[in-house]
Amino acid sequence: MHRILIVEDEQDIADLIGFNLQRAGFEVLKAHDGITGTDTALRERPDLIVLDLMLPGRDGYAVFRELRRDARTSAIPVIMLTARAQTEDRIQGLQAGADDYLTKPFSPKELLLRVQAILKRAEGTPGTVDLSYGPFRFDKNALKFYIDGQPAELTSTEFKLLLFLCERAGKPQDRNELLRTIWGYSDAAHSRTLDTHMKRLRQKLGSRGSLIETVRGVGYRVAKAAE
Ligand code: CA
């Protein structure tokens with residue numbers, strides 16, 4: 001059973017989310033301020049964290065940065081929540097490396113779909129553990145990634161995104177298809193999510209980032225490997 005930590009000071013929202021996740025078969029932990037949230041995450045190591053940004057004690061960004069810095073929690077997927085609808089907040093959250101982002105008010109059903117999509121992709125595909133592609137190597141079981149033999153830090157979303165492109169190398173992948181497969185989105189309203197992740201991913205790949213090509217009017221492609 002997957003365990004989900006909800007860090008949210010608004011009791012009714014935490015209860016509503018918690019109720020819906022429990023009903024869908026998840027075990028739920030709750031914390032109502034940033035400090036307790038950080039402590040609970042480090043102690044319990046949940047499978048996923050739903051993190052509100054406006055929190056007493058320590059705000060969500062600070063909690064997020066601390067969890068990403070600590071090896072015990074650095075790979076745990078995070079969905080950020082905020083009441084602020086501004087695009088800039090969303091972009092800031094995604095640039096910080098959050099796996100997904102929801103603006104209040106949202107439906108519990110939407111959150112559930114996002115949670116399920118993230119956990120599904122974090123599990124990888126059993127049986128085919130390793131994939132090598134040009135300078136990249138993916139260890140699907142451990143979710144570890146290497147560039148030219150050197151370990152590199154990718155979030156679970158970046159890992160899945162790059163793996164998806166490499167498994168289909170040479171073929172352009174449609175933007176909407178990527179949003180649907182990697183994030184579980186059913187419409188194109190989240191286009192900037194994809195571009196923000198892709199920009200970050202390219203930066204992390206350094207000189208190898210150029211292997212990801214933008215295909216105008218379609219989406220993205222990883223060039224066929226020359227080996
Ligand atoms: Ca709040």
Side-chain angles (χ1 to χ4, degrees), residues 1-70 72-119 121-122 155-158 179 182-187 189-194 196-197 200:
M1 188 192 282
H2 288 296
R3 291 195 307 160
I4 302 191
L5 170 62
I6 300 167
V7 188
E8 164 65 271
D9 58 311
E10 286 165 82
Q11 191 84 43
D12 52 344
I13 295 178
D15 288 347
L16 179 67
I17 298 171
F19 172 75
N20 279 276
L21 290 173
Q22 275 169 343
R23 202 173 51 175
F26 294 103
E27 187 183 334
V28 170
L29 308 166
K30 288 181 203 160
H32 300 297
D33 65 80
I35 293 166
T36 313
T38 307
D39 292 345
T40 308
L42 290 168
R43 188 178 65 241
E44 301 288 340
R45 296 210 247 165
D47 298 294
L48 184 144
I49 300 168
V50 177
L51 177 63
D52 188 35
L53 288 182
M54 301 284 274
L55 289 169
R58 182 181 296 160
D59 78 25
Y61 285 120
V63 172
F64 180 78
R65 281 193 299 271
E66 182 154 350
L67 295 179
R68 278 292 193 256
R69 268 199 304 268
D70 194 300
R72 288 170 290 176
T73 50
S74 61
I76 298 176
V78 171
I79 298 177
M80 286 184 176
L81 302 180
T82 188
R84 296 171 295 184
Q86 284 91 348
T87 309
E88 281 318 303
D89 286 320
R90 182 186 181 90
I91 299 304
Q92 195 188 337
L94 293 171
Q95 278 173 346
D99 295 83
D100 209 338
Y101 196 99
L102 276 175
T103 303
K104 296 174 189 174
F106 55 85
S107 74
K109 165 111 175 140
E110 188 179 8
L111 176 69
L112 178 61
L113 291 174
R114 304 281 183 89
V115 165
Q116 288 168 332
I118 288 176
L119 289 175
R121 86 174 93 112
T155 66
S156 62
T157 299
E158 291 159 354
L179 285 164
I182 309 293
W183 283 271
Y185 295 142
S186 54
D187 60 68
H190 306 280
S191 247
R192 287 188 70 182
T193 298
L194 176 62
T196 307
H197 271 86
R200 215 181 132 77

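FYI, side chains are in, hydrogens and waters are out, and symmetry mates aren't considered; it's all heavy atoms of this structure. The first residue in the sequence is number 1, and the count goes up from there. Remember, it's 1-based here, ligands and their atoms both numbered in the order they're listed.
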Check the Ca ion (ligand 1) and write out every protein N, O or S atom at under 3.0 Å, as residue and atom.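 Sorted hits: Asp9 OD1, Asp52 OD2, Met54 O.
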Gly34 to Val63 - nearest heavy-atom pair and separation: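 Answer, listing the atom of Gly34 first, then Val63: O-CG2, 3.5 Å.
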Identify the two heavy atoms, one from Ile17 and one from Phe106, that lie closest to each other, and give their separation to 0.1 Å.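 Scanning both residues completely, I find the closest heavy atoms to be CD1-CZ, 3.9 Å.
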Tell me which pairs pass salt bridge (Lys or Arg N to Asp or Glu O under 4.0 Å) where either residue lies in residues 1-24, with sequence neighbours left out.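 Those involving residues 1-24 are Arg3-Glu44, Glu8-Lys104, Glu10-Lys104, Asp15-Lys30.
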If only side-chain N and O atoms count, and only distance matters, is there a donor-acceptor pair under 3.5 Å linking [Y] with [X]?
X     : Y     : value
Asp39 : Thr36 : no
Thr82 : Asp52 : no
Thr73 : Arg45 : no

